[in-house]
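By convention here, the first residue in the shown sequence is residue 1. Because the structure is a prediction, the values reported are computed rather than measured.
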Amino acid sequence: MDPAGATSGDLESRFMAAFKASEERGDVPLARAMEVARCVGAGEGPNSELGQIIVSALCFENNTPSLWKLLDQAIAVRLLSPLHIIALLTARVIPHRRAQPEAYRLYLELLSRYGVALSLRDFGSSRDKITKSIDDALQLSHAYGIEKIDFSYMIVFCVLTIIIRLMDGILEDFGMQFAFSDKDANKSGTETFQDMDIDPVGNSIDKRKGHREQLHRCNILMTLEVVEKITADKKNKAFLRHIYLNMPEKFNSLLERLQLIEVHKSTLQSLISGNYIWAKLFANVHEVLDGEYKSNRFGLLGVLVDAGLSGPTFNYCLGNDRSACWIPFDIIMENAMDGSHLYAISSVEILTELTNTLQVFNQASWQETFMALFVSALRLVQRDREPWEGPIPHLDARLCMLLSIVPLTIVAVVKEEVHNPYPRSSYEYDLGTNKLTPRRDGLISSLQLLESYTALLTPPPSVINAANNAASKAATFITNFRNGSSSLGISGQKKASSVKAVGNMLHLIVEACIARKLIDTSAYFWPGYVVPYATSKDSMLIQESSWSTFMEGGQLNGSLEKILITVPASSVAELEKLYDKALNGSEEEQRSAAKILCGASLLRGWNIQEHAVRLVVKLLSPPIPAEFSGSGNSSHLIGYMPMISAVLFGVCSVEAVHIISLYGMVPEVAAALMPLCEAFGTFPPQSIHRTSHVDETSIDSVFSCAFLFLLRLWKFYKPPQEHCIAVRGGTIRVESTLDSLLLMHNHRIAFQDSGSIVKSNSSTDSPKTLSGEPVYVDSFPKLRAWYFQNQACVASTLSGLCSKNPVHQVANKILDMICRKMTKGGPVSGNLSSTSSSNISESPVNCAEDACQRIFLPAWEVLEAVPFVLEAFLTACAYGRLSSRDLTTGLRDLVDFLPASLAVIISYFSAEITRGIWKPVAMNGIDWPSPAANLLSVQLEMKEILASAGVTLPNVYACGPVPMLPLPMAALVSLTITFKLDKNMEYAHAVIGQALENCSAGSPWPSMPIIGALWTQKVRRWHDFIVLSSSLSPFTCDKETIAQLIRCCFSSFLSGSNYHGVSSLLGHSISTGKNFPFTIGPGYLYVRSCRSFHDTHFVNNMILNLVVEWTHELAVGRACNSSTAARLLSSRSSLASAASAVRKAATLGATLLCIAGGPLLLQVLYEETLPAMLLSTGDSGGGATGPATAAARLLEGYAMAYMLVLSGSFIWGTGKTSPAYTSLFTTRRARSVGMHLEFVAGGVEGKISVGRDPVTWRAYVTSLVGLLVRYVPAWILEVRQQTLRKLAGGLRAWGESELAVAILQRGGTESLGLLVEFLM
């Protein structure tokens, strides 16, 4: 009979017959096993049916010692799969361990022998059948919620299930009552079977009972030993850790049991003598939970990966070696102060990601992390404590970073601890896997230690009063508390004495943290926090404040309005009342409330600044009144015009706009300004006289301010090539456009509507407070038409005027109006070499005479025609039909007529300068303004500034006896110096300054000194700002100058002591005082100029090469300082010290690279630059040999890997990030990391020939994988499984099996099959 066609009953009958016959013959166990296998038709390899038959016979009708011996022999000769048999016995024997202690003991013996040596050969060709049989026996699919379990899942879940059931047995045997979350899933069956007859000798019932009780107690200890043995096995540990990392909710079932055992450990230890076994079991599980990869700790590569990571440090010191690892804080914060760039993402989110990244990479305590964050922010403030004058963000923006952005960042970091999706159980904490102090405790201790930094805590002059008030508030609170005052707030302070105290920046920081509920008022009682020096009954604290008057119903009259504009609000309620007044008050109240909200509360209301920013942006999108009919072409925005005008002119300052951008509200501002521009640009002017004066609210003034504000949000004047991505050798930066800003705004709206924003990292709650619908350019036809026309004008030249075209007809009308005005005004007198603002700052024709000449058209129609007017002007001037003086006057008349036309002038002239088709004109003081009076001095000062940073310029300033500029640039510069420098034109100057810098980059290099010389003649108080801005111009086009600057950044930071590293890099202060020239750090020049680097690929290669060069220099230098060079390789501490120094160089390189090019430059680093370097045969060691060179090559690979992973973490984050951050930065992560690891896998397999030294290559690969596993395991989840397979195989060939296992464990649930295959 064919065995394949036999039923299970037939097979069992044949098995029993063969077994009994063999037993009667007295065959040895091996012969019995072979005979049984032959009779049931078992082929080669393990047979699942045979295993089920034997276990079924054992449980429990034929329970003889000979059958157990047969089972053991069948497993040994691989007739049966050991895991299969163990799984079947687990389901049948464990529930009856008390009634059948002999069977349970034999089961434990088999488990101890075969449960820790699993192999793929144990399953043979019956893998699928065995998988299904084990699943059916242990109910794995049901227990773990898997519809169809595969082989790999069966292996790991079978191990976990056996451990859990054995532990349940221990707890039950000790009489413990427990109810676990998986009690039904992992509950054993409770079938009743007859007792097993293991002992053939008949004994009395009493002896048998006593024997079984003794055996039962022994079984408990043996069960514990078996569990410890299973968990000690390396393969099983790897399986358990994979479950813990990728399916933590399933691993919790084991943690629950361990927690219960931990609670009752003393009781259990008294019942059984196995204390050492408990300790070993807990140690095994601890290793599973905290089993981060530790790369061959006693090898060289292990020292590199673990360099400086012996444990978290709890002290931040400016002079210690670790302080340099926090340099990204200083650079990123200084970079955020660049007024030429507005941020579409909140600095809170950027700093939150950076804080988490540095805390992970530096393996620091939260105390040290927060200390470093505060110290960097304090240095940021001190660097500009007495700022110069100029249209750039100054002290208010820096204080915003210290007192608002940083506290909000800490709020987000603390929230992450609370909202961890899979919080660690208390058992994990008991095992000591969370040795770091809680984040809030780390914050408190960092604030207390901050008091020792007296130099950094000295308040700038403009902040002394605020610091003293904060200290006085704490002193008054303490006094009232000790006097038993029941009311400790403002109302209580009115009735009690106030105490004056001297404050510093720490008092302002503490108040900011209290306002965000990070700490409470117990901080006032810290030793030495308050030092009172006077008691007063009539100080400001006990007087009725102006804000109290307003909240109690006071009218916003002139005097109260002036005070509230200069004094920031202290509560959100005050801001909300202002917002309500701005929307629903009288016209005068609306205007006053808007001005107040945009005043000190926006600029210096640090404790509630995020709310002020949000409300100001909301005012730009007022709701439609209930009584608004909407008839005709009217807009409800016209009714809000006084309020909107006050808001626009109130926030148009450089400082205010930059503060708004620090909160990431630029996309929301753009979405709010577009309806304003569309509406106010569609209506014709209300009055004859068009004006931009702030006190004369008109449709044109509101439109012009809104339009120029909107255009400031992106580089609208950039030439076409700046919006492209060059393939090789050019810029790869894509500037923000209106489309990208709207895309981000709509993404935030969609994310909010999806309801996914449950635990956002953003503390500003900006996504939660977004209102309205998605915004698209197509919804605004007038704005859309101009937007595309502007792009067309930037991309190509214009056609000539045609009388039949309506746009050209408008252009002709504008030309006629300007020409008639210039004719009536007569020739402009005076020498144009004199550029004082009183010369041509107003139109020479009064309003009454000008009334008949004005055209009355909506602003959009005028803007559409302006490019043709400009082309006519330039052409006429180029051919001598229009004098340069008349050209300047005509341009100024055009701006006076419609200030918004300034944007078209800038855009058109920028494009024409880039094209290079206009001849240069002589800036001789006759036809055009002359810079000769101070051009040489400006050039000399520029050289001195650059020389102070270590940059030497060639003498390329000489451009003939008379300076020359292209005609469009000369016209633009001449126009800009005609504007008054008052608050009314602040919104225009913010656009002009950046445009001039951009235009200079598109013309011959010496143009910026000429522009700077002209502007220093006009505005002498801006001298320092203008000269410093001009000093940045060489970095826009000269590669050698850029290379010098980058080299100086590395040398200034890495040479000398750590204490002076940051100061040498960024400078102590950028304030000049009365001394000139002043010293500027190379890092400061880099931060201000890096966005203008055209060849960012060159910068990429330069930074990477410098990291490698400094690695060799540091390695060789330390080797020379050692007693012997060989010590660097032989001494673990020496190599770790060298690796720590190398990390400084790599950290600086990663930071400089990220701020220069952002995500796109990082993508090039991963996909092109670093692979090209590894493929090259370049050797920074110069062919030298010896221990120092070998160590340098080893460190070189580590440095490249560290810089790569760290720079990626800066841009992409270490794991899950906030929605806004993810949408901007992490979309390319999977592609870039995947491509790079595929390249590495090809090199490891030998399919790609690597030119670098083998020591460097191996160090690079091992360090890269080790850093990925340790710091950014979330990235590995996005890597292709085939790539992981190649990497694991190559690492095993190198003897790095543990590292291979670690990367497979981090590959997600999909990599489980690879892990099982690798280990078995």
J.: Can you find a heavy atom in the side chain of T161 that is under 4.5 Å from one in the side chain of R165?
T.: yes
J.: For the CD1 atom of I85 and the CD1 atom of I130, what is their distance to the nearest 0.5 Å?
T.: 8.5 Å
J.: Quick check: does any side chain N or O of R97 sit under 3.5 Å from a backbone N or O of V93, one acting as donor and the other as acceptor?
T.: no
J.: If you measure from CD1 on I243 to CG on L254, what distance do you get to the nearest 0.5 Å?
T.: 9.0 Å
J.: Ignoring hydrogens, what is the shortest heavy-atom contact between A238 and V1301? Give both atom names and the distance.
T.: CB-CG1, 4.0 Å
J.: Considering non-hydrogen atoms only, spot the tightest contact between L108 and V226 and give its length.
T.: O-CG2, 3.9 Å
J.: State, to 0.1 Å, how close L281 and E228 come at their nearest heavy-atom pair, and which atoms those are.
T.: N-CG, 3.8 Å
J.: Applying side chain to side chain contact (heavy atoms under 4.5 Å, CB included), run through I277 and L221 and close with a yes or a no.
T.: CA-CA 9 Å; I277 303 178; L221 180 60; 3.7 Å; yes
J.: Salt-bridged, E416 to R439, with N to O below 4.0 Å?
T.: yes
J.: Does either side chain, that of S133 or that of H84, offer a donor lying less than 3.5 Å from an acceptor on the other one?
T.: yes
J.: In the structure I gave you, are the side-chain heavy atoms of I54 and L80 within less than 4.5 Å of one another anywhere?
T.: yes
J.: Say you draw a straight line from CZ of F1318 to CG of L1315; how long is it, rounded to the nearest 0.5 Å?
T.: 8.5 Å
J.: Is the shortest side-chain heavy-atom distance between T131 and D150 below 4.5 Å?
T.: no
J.: Between E1310 and R1280, does at least one N-O distance fall below 4.0 Å, as a salt bridge requires?
T.: no
J.: Angle between ring planes, Y153 versus F157, binned at 30° and 60°: parallel, tilted or perpendicular?
T.: tilted
J.: Quick one: does T1262's side chain get under 4.5 Å of L1299's, heavy atoms only?
T.: yes
J.: Side chain of D135, backbone of S141: donor and acceptor closer than 3.5 Å?
T.: yes
J.: Before you tell me yes or no, could you show the steps for S81 and R127 under side chain to side chain contact (heavy atoms under 4.5 Å, CB included), namely the whole-Å CA-CA distance, both residues' side-chain angles and the distance that decides it to 0.1 Å?
T.: CA-CA 9 Å; S81 167; R127 175 185 296 186; over 6 Å; no
J.: Quick one: are I94 and L89 in side-chain contact, heavy atoms under 4.5 Å?
T.: no
J.: Can I134 and I149 be said to form a side chain to side chain contact (heavy atoms under 4.5 Å, CB included), step by step?
T.: CA-CA 10 Å; I134 293 177; I149 199 165; over 6 Å; no
J.: List the steps, then state whether side chain to side chain donor-acceptor pair (under 3.5 Å) holds for Y1271 with T357.
T.: CA-CA 8 Å; Y1271 298 133; T357 297; over 6 Å; no
J.: Counting only N and O atoms by type, is there a donor-acceptor contact under 3.5 Å from the side chain of K237 to the main-chain atoms of V288?
T.: no
J.: Counting distance only, does the side-chain N/O of N236 pair as donor-acceptor with the main-chain N or O of I230 below 3.5 Å?
T.: yes
J.: For L140 and M154, which heavy atoms make the closest approach, and how far apart are they?
T.: CD1-O, 4.0 Å
J.: Between E1317 and R1285, is the salt bridge (Lys or Arg N to Asp or Glu O under 4.0 Å) condition met? List the steps.
T.: CA-CA 10 Å; E1317 178 184 345; R1285 182 194 298 272; 3.1 Å; yes
J.: Do D128 and K132 meet the salt-bridge criterion of a basic N to acidic O distance under 4.0 Å?
T.: no
J.: Between T223 (side chain only) and N219 (backbone N and O only), is there a donor and an acceptor less than 3.5 Å apart?
T.: yes
J.: Grab the two heavy atoms, one from A1274 and one from T1214, that are nearest each other, plus how far apart they are.
T.: CB-O, 3.8 Å
J.: Salt bridge or not for E49 and K129, using N-O below 4.0 Å?
T.: yes
J.: Given the rule in the side chain to side chain contact (heavy atoms under 4.5 Å, CB included) test, do D441 and W366 qualify, once you have shown the distances and angles that lead to the verdict?
T.: CA-CA 8 Å; D441 293 344; W366 285 109; over 6 Å; no
J.: Working to the nearest 0.5 Å, report the span between CG of L79 and CG of L70.
T.: 9.0 Å
J.: Looking at every heavy atom in both S152 and G1313, which two are closest together, and how far apart are they?
T.: CB-CA, 3.6 Å
J.: Is any side-chain heavy atom of I164 less than 4.5 Å from a side-chain heavy atom of D168?
T.: yes
J.: Can a donor-acceptor pair be found, under 3.5 Å and without considering hydrogens, that links the side chain of N284 to the backbone of K280?
T.: yes
J.: Quick test of your reading of the model: are R217 and D173 salt-bridged, counting only N-O distances below 4.0 Å?
T.: no
J.: Nearest 0.5 Å, please: how far is CG in L1237 from CH2 in W1275?
T.: 10.0 Å
J.: Please determine if E109 and R113 form a salt bridge, counting it only when a charged side-chain N lies under 4.0 Å from a carboxylate O.
T.: no
J.: Kindly indicate whether the side chain of S1311, heavy atoms from C-beta on, has any atom under 4.5 Å from the side chain of Q1305.
T.: no
J.: Does K229 reach the side chain of D233, with side-chain heavy atoms less than 4.5 Å apart?
T.: no
J.: Consider only side-chain N and O atoms of T1309 and N246, and report whether a donor and an acceptor are under 3.5 Å apart.
T.: no
J.: Backbone N or O of T369 within a donor-acceptor pair of the Q359 side chain at under 3.5 Å?
T.: no
